[in-house]
Amino acid sequence: SLHGRVTVPGDKSISHRALILGSLCIGETKIHNLLLSEDVLSTINALEQFGASINIEEEINTTIVHGFGIGGLLQSERKIHLGNSGTSARLLIGLISSCNVCVAFEGDESLSTRPMGRVLDPLKEIGLEVVSKNTDNLPLEIRGATLPVPINHKLRVPSAQIKSALMLSALNIRGTSTIIESSKTRDHTEKLFEYFGADIETRMNIEGDKEIRVNGQRKLSPRELDIPGDPSSAAFFIVAALITKGSNLRINNIMINPTRSKFIDYLISMGAKINFINEYSKCGEDISDIEVCTSSLKGIKTEVKDAPSMIDEFLILSVAAAYAKGESRFCGVAELKVKESNRFDVIINMLNASGVNCKADGDDLIIIGSGEVRGGTTIKTDYDHRVAMSALILGLGAKNKICVDDISPIATSFPNFMEIYEKIGGKFYGG
């Protein structure tokens, strides 16, 4: 059984965005509880090459950013390596797209397979130029627009990263840019734009789509912010407690933004015993402590419209479905195929190898749970941090041991995962 109190790291999405917006201010931005993962450190490295001064004071869990201001981004003298961070790549492409600089981005083997054309194509409309032979994958060399024109774009792919890239580009474009989204995605960028004083307006148009209007070349104000706990990280320990007999966990300081916590609603509908305690707000986000107890779960069907906001949680949700009784169907989850690994296929292979019936039906995943997992297999992570963590949780209640070939990718998003895993009672061994 698993017991204790857990505090997960600061939210990864907000950490990236807070650093970027702090760099676009003149003056000092103070960030508490920044996630110091490999992905976020990639963003820090890039921003420092662009001229920001970023000082990490680990002993007090505070990061100080002295920015270069809107339009003040400097020409980098060398290639910018982004490791495994797709968020860094897409947001920084947006950032430099409206600045008169030429930048070469590169990443690791996994990041170099992930699609960037979905970000580059709308930014070409404002004047971004792709200089390199590669036009859809890293390594990429791109030149920002000399005289960028305002953005007027309706998102074809429901993605918070694409939306955020366009919004960051709009900050340095004279005039009003409009980004339209039909499917709800994470809204951290909108909230942080308001928090830092950007000239932004959001509204619903007559078609029922969300319109985001950004008036560019307006100064941002440096701020102090305390980043809440990452719900995507908390998800692993929530499911761990649900599937492990006799468990009771309390997870502190979790952001419950509706565009990020939908997976909790689905878990509750599966029969999960989850209580929200001590609710409050900070930095424009709703926060709560969460208490989780072992539960008997049943199958669930997710809706297509919820897929974009839950794309990072489907891996661990598939673990909950494996231990549930009955059929679960995850609808419209093809976007899983272009994450750090092909998570669509990973879920099928991981569960089938562990004795759980899982199959594809078009863009849907079907998992038929029996309430138990046989185990007795080795899971290949394909350098994907969420695969590694999900496999470790899958093994907690399995009848036979589950081996994970490589846990090193976990450091990209959750550096102290194994420490917490062991502290609450999770058992593991290996080199």
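- For CD of Glu201, the number of neighbouring non-hydrogen atoms (other residues, nucleotides, ligands) closer than 6.0 Å is greater than 12.
- Checking Thr62 against Lys30 by side-chain atom types alone, no donor-acceptor pair falls below 3.5 Å.
- You'll find the ring centres of Tyr421 and Phe414 outside the 6.0 Å limit.
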For this session: Using the side-chain contact (heavy atoms from CB on, under 4.5 Å) rule, take Ile26 and Lys219 through it: C-alpha gap first, then chi angles, then the decisive distance, then the call.
Result: CA-CA 8 Å; Ile26 300 296; Lys219 288 184 179 180; over 6 Å; no
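- With values rounded to the nearest 0.5 angstrom, Ile56 atom CD1 is found 11.0 Å from Ile64 atom CD1.
- Under the rule for a salt bridge (Lys or Arg N to Asp or Glu O under 4.0 Å), Glu38 has no partner lying at least two apart in sequence or in another chain.
- Within the 4.5 Å cutoff, side-chain heavy atoms of Ser182 are placed close to those of Lys154.
- A donor-acceptor pair shorter than 3.5 Å can be found between the side chains of Ser413 and His385.
- Between Asn342 and Leu336, the closest side-chain pair of non-hydrogen atoms is not below 4.5 Å.
- One side chain, Ser110 or Asn84, offers a donor N or O that lies under 3.5 Å from an acceptor on the other.
- Between Ile393 and Ile316 there is a side-chain heavy-atom pair separated by less than 4.5 Å.
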Under 3.5 Å donor-acceptor pairs involving side-chain atoms of residues 224-232, not counting sequence neighbours:
residue	atom	partner	partner atom	Å
Glu224	OE2	His32	NE2	2.6
Asp226	OD2	Lys282	NZ	3.3
Asp230	OD1	Ser232	N	2.8
Asp230	OD1	Ser233	N	3.4
Asp230	OD1	Arg260	NH2	3.0
Asp230	OD2	Lys12	N	2.8
Ser232	OG	Arg260	NH2	3.0
Ser232	OG	Glu313	OE2	2.4

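- Under the 3.5 Å distance criterion, with hydrogens and angles disregarded, a donor-acceptor pair is assigned to the side chains of Thr259 and Asn257.
- Looking at Arg250 and Ile277, their side chains come closer than 4.5 Å, going by heavy atoms from C-beta outward.
- Within 6.0 Å of CD on Glu58 lie no more than 12 heavy atoms contributed by other residues, nucleotides or ligands.
- Legend: residues meeting salt bridge (Lys or Arg N to Asp or Glu O under 4.0 Å) with Asp187, ordered by chain and number and at least two apart, are absent.
- Taking the side chain to side chain contact (heavy atoms under 4.5 Å, CB included) definition, one finds that Ala52 meets it with Ser23, Leu47, Ile54, Phe68, sequence neighbours left out.
- With sequence neighbours left out, the side chain to side chain donor-acceptor pair (under 3.5 Å) criterion links Ser98 to no other residue.
- Residues Ser76 and Gln49 have side chains that bring a donor and an acceptor to within less than 3.5 angstrom of each other.
- In this structure, the side chain of Ser295 does not engage the main chain of Leu297 through any donor-acceptor pair within 3.5 Å.
- Annotation: side chain to side chain contact (heavy atoms under 4.5 Å, CB included) contacts of Val101 (sequence neighbours excluded): Leu73, Gln75, Ile96, Cys99, Val103.
- Every residue was checked against the salt bridge (Lys or Arg N to Asp or Glu O under 4.0 Å) condition with Asp406, not counting sequence neighbours, and none meets it.
- Residues in residues 95-113 take part in no salt bridge (Lys or Arg N to Asp or Glu O under 4.0 Å) pair, two or more places apart or across chains.
- Residue Lys380 qualifies as open at atom NZ: its count of foreign heavy atoms under 6.0 Å is 12 or below.
- The line from CG of Asp136 to OG1 of Thr113 is 10.5 Å long, rounded to the nearest 0.5 Å.
- Counting heavy atoms from C-beta outward, Tyr266 and Asp306 have side chains that approach closer than 4.5 Å.
- Distance alone, capped at 3.5 Å, is enough to place a donor-acceptor pair between the Ser132 side chain and the Glu141 backbone.
- Checked options Leu111, Val130, Asn134, Asn137; the residue passing with Met116 is Leu111 (criterion: side chain to side chain contact (heavy atoms under 4.5 Å, CB included)).
- Counting heavy atoms from C-beta outward, Arg386 and Arg343 have side chains that approach closer than 4.5 Å.
- Contact between Lys191 and Gly284 at its shortest, heavy atoms only, is NZ-O, 3.4 Å.
- Around CZ of Arg218, the count of heavy atoms belonging to other residues, nucleotides or ligands within 6.0 Å exceeds 12.
- We find the CG-OG distance between Leu128 and Ser97 to be 6.0 Å, quoted to the nearest 0.5 Å.
- Ion pairing between a basic and an acidic side chain is recognised when a charged N comes within 4.0 Å of a carboxylate O; Arg186 and Asp312 show such pairing.
- By the salt bridge (Lys or Arg N to Asp or Glu O under 4.0 Å) test, Asp345 pairs with no residue at all, sequence neighbours left out.
- Donor-acceptor pairing under 3.5 Å is recorded for the side chains of Ser341 and Asp384.
- Remark: the Tyr280 side chain and the Asp289 side chain contain no N/O donor-acceptor pair separated by less than 3.5 Å.
- A donor atom on one side chain and an acceptor atom on the other are not found under 3.5 Å apart for Thr178 and Asn152.
- A salt bridge links Lys163 with Glu181; the closest basic N to acidic carboxylate O contact falls under 4.0 Å.
- Not a single donor-acceptor pair under 3.5 Å links the side chain of Asp199 to the backbone N or O of Asn215.
- Under the rule for a side chain to side chain contact (heavy atoms under 4.5 Å, CB included), the partners of Ile268 that lie at least two apart in sequence or sit in another chain are Ile264, Ile274, Phe276.
- The side chain to side chain contact (heavy atoms under 4.5 Å, CB included) search around Pro258 returns none, not counting sequence neighbours.
- Salt-bridge annotation for Glu335 and Lys337: absent, with no side-chain N of the basic residue lying under 4.0 Å from a carboxylate O of the acidic one.
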Problem set entry | Verdict with reasoning, Leu351 to Ser318, per side-chain contact (heavy atoms from CB on, under 4.5 Å) | CA-CA 8 Å; Leu351 295 188; Ser318 76; 4.2 Å; yes
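- Under a cutoff of 6.0 Å and an axis angle of 45°, Arg223 and Tyr195 form a cation-pi pair.
- Once rounded to the nearest 0.5 Å, the distance linking CD1 of Ile70 with CG of Leu168 reads 9.0 Å.
- Within a 6.0 Å sphere centred on NZ of Lys273, heavy atoms belonging to other residues, nucleotides or ligands number 12 at most.
- Remark: Phe105 pairs with no residue by the ring-ring contact (aromatic ring centres under 6.0 Å, His included) rule, at least two apart or across chains.
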Exercise. After noting the C-alpha distance and the side-chain angles of Phe344 and Phe330, does the key distance pass the ring-ring contact (aromatic ring centres under 6.0 Å, His included) rule?
Worked result: CA-CA 10 Å; Phe344 191 94; Phe330 301 161; over 10 Å; no
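- Between Asn33 and Asn253 there is a side-chain heavy-atom pair separated by less than 4.5 Å.
- No donor-acceptor contact under 3.5 angstrom links the side chains of Ser85 and Ser42, judged on distance only.
- A donor-acceptor contact closer than 3.5 angstrom links the side chains of Ser164 and Arg17.
- Side-chain atoms of Asn248 and Thr294, non-hydrogen and from C-beta on, never get closer than 4.5 Å to each other.
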